[in-house]
2 protein chains.
Amino acid sequence: MARKSGSVGSETAENIRQAALGLFAREGYAATSMRQIADAVGVQPGALYNHFATKQDLLREVMAGHMQQLIAAWEEESRKFSDPFAGLEGFVRFHIRYHLGRSDAVFVSYMELRNLEPENFRQIEGMRKYYEGCLRKIVAEGVKGGQFSVADVPVAAMALIAMLTGVTAWYRTGGRLSVDEIENIYAKMALRSLGAA
Amino acid sequence: MARKSGSVGSETAENIRQAALGLFAREGYAATSMRQIADAVGVQPGALYNHFATKQDLLREVMAGHMQQLIAAWEEESRKFSDPFAGLEGFVRFHIRYHLGRSDAVFVSYMELRNLEPENFRQIEGMRKYYEGCLRKIVAEGVKGGQFSVADVPVAAMALIAMLTGVTAWYRTGGRLSVDEIENIYAKMALRSLGAA
DNA sequence: GTCTATACTCGGATAGAC
DNA sequence: GTCTATCCGAGTATAGAC
């Protein structure tokens with residue numbers, strides 16, 4: 001479940017990805033050294049280059065892998081919903097649940113966009129926009145069908161995504177609220193904000 | 001308006017702050033070098049240390065200055081509003097307008113929290129929480145007075161702040177919508193999300 | 001207060017033995 | 001594929017002249 005179909009399966013490569021993801025999330029890409037990553041994996045720094053040509057490639061792979069999995073997971077999940085009302089609630093719940101389960105990848109994919117070289121940025125940004133478009137489509141259909149009422153569909157979609165993704169900034173495992181309760185709160189706020197509840 | 005009251009006024013110091021702010025926003029703190037900052041200001045790298053003891057001090061000052069000004073601006077603005085309904089709409093409009101006018105400072109203050117050394121982090125995080133508390137108080141009062149209905153006041157406040165701050169991620173000067181139109185959209189969504197419209 | 005020059009450390013990446 | 005060893009550029013910060 002962890003890698004895009006064409007690439008080779010190497011346990012060390014996957015360990016490197018995991019270590020890099022954790023360090024990028026905690027320290028930031030620019031502040032993380034290849035030596036730190038090697039230490040975390042338990043290999044010598046030079047060994048990393050048997051699996052990734054550059055540090056930038058490592059970042060790109062980590063981010064692209066996350067976006068691919070996110071999109072694939074939503075494409076799967078979205079088939080459960082037919083009307084915009086259920087679709088929106090489904091999206092909210094999916095987004096929160098999925099993101100809370102992978103806070104490192106989410107955080108890195110958001111914070112490290114500016115550390116991507118131009119070509120890599122376009123690739124990742126395209127995936128991010130595609131995902132955003134999934135929500136925008138739901139909102140647009142709801143507006144067309146009269147279930148929702150918003151002044152501006154693209155802005156509403158961006159506002160909602162920002163609100164939902166914000167959960168990752170404060171959620172802590174074992175906190176006051178369960179994921180399910182959090183989903184409920186956000187689902188209600190999201191639907192209301194579109195004039196649908 | 002730019003500096004805390006006790007400190008000395010030096011044009012070069014202010015130029016350094018401005019250059020650092022721009023570079024931290026564009027490249028990130030860790031990816032920005034003192035040499036770059038010096039280049040941008042038009043002085044030699046060593047000269048920076050006549051004004052700031054370390055790079056970390058520069059970050060702390062930039063972030064603390066922004067938070068201080070943000071809080072002071074809201075304390076001033078908030079006196080205009082008496083009831084929770086007007087207060088919430090006022091907060092939304094203020095937050096968006098203020099943030100869109102200082103996107104660099106906002107971006108840095110959000111993204112570079114993890115690059116603050118522990119003591120500096122506590123200082124800045126305290127100010128951020130104080131500001132968040134301003135919104136939470138408005139929501140709480142509205143719930144108490146029956147103007148709003150939310151399942152969880154702290155979560156609602158955090159969700160709203162995330163939604164509002166998200167504007168900075170997509171807004172571009174001269175875009176399709178004016179700041180005023182954007183304020184209108186978000187104000188309506190925010191009020192609705194609390195069951196108040 | 002700024003300059004030139006530099007100390008010292010650490011960064012990404014590579015070479016070649018095993 | 002991993003190791004040891006290293007190249008070389010760039011990083012923060014300092015010293016001392018002006």
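The sequence lines fix the lettering, A, B, ..., with proteins before strands; numbering per chain opens at 1.
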How far apart are the closest heavy atoms of B:Val106 and B:Thr165, and which atoms are they?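 Scanning both residues, the minimum pair turns out to be CG1-CG2, 4.4 Å.
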Mutual orientation of the aromatic rings belonging to A:His99 and A:His66 [parallel < 30°, tilted 30-60°, perpendicular > 60°]: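 A:His99 and A:His66: perpendicular rings.
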Would you call the rings of B:Phe94 and B:Phe91 parallel, tilted or perpendicular, where under 30° means parallel and over 60° means perpendicular?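 Tilted, since the angle between the ring planes falls between 30° and 60°.
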Electrostatic pair [X]:[Y] at N-O distance under 4.0 angstrom:
X        : Y        : value
A:Arg128 : A:Glu125 : yes
B:Lys137 : B:Glu141 : no
B:Glu14  : B:Arg17  : yes

Sorted by number, the residues of residues 45-56 of chain A with heavy-atom contact under 4.0 Å to DNA chain D: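 Only A:Ala47, A:Asn50, A:His51 qualify.
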Nearest-nucleotide comparison on DNA chain C, the residue closer to the 5′ end among B:Arg35 and B:Thr12: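 Taking each residue's closest nucleotide, the earlier one in sequence belongs to B:Thr12.
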Interface limits on DNA chain C, where chain A has a heavy atom under 4.0 Å of a nucleotide atom: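 Result: C:dG11 to C:dT14.
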Can you tell me the distance, in whole Å, between the CD atom of B:Gln44 and the C1' atom of D:dA13?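 Going from CD in B:Gln44 over to C1' in D:dA13 covers 15 Å.
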Apply the test side-chain hydrogen bond (donor to acceptor under 3.5 Å, both in side chains) to residues A:Ser109 and A:Arg102: give CA-CA distance (whole Å), side-chain angles for both, the deciding distance (0.1 Å), then the verdict. CA-CA 11 Å; A:Ser109 293; A:Arg102 293 143 210 263; over 6 Å; no
Rounded to the nearest 0.5 Å, what separates atom NZ in A:Lys55 from atom OG1 in A:Thr32?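 Nearest 0.5 Å value for the NZ-OG1 distance: 6.0 Å.
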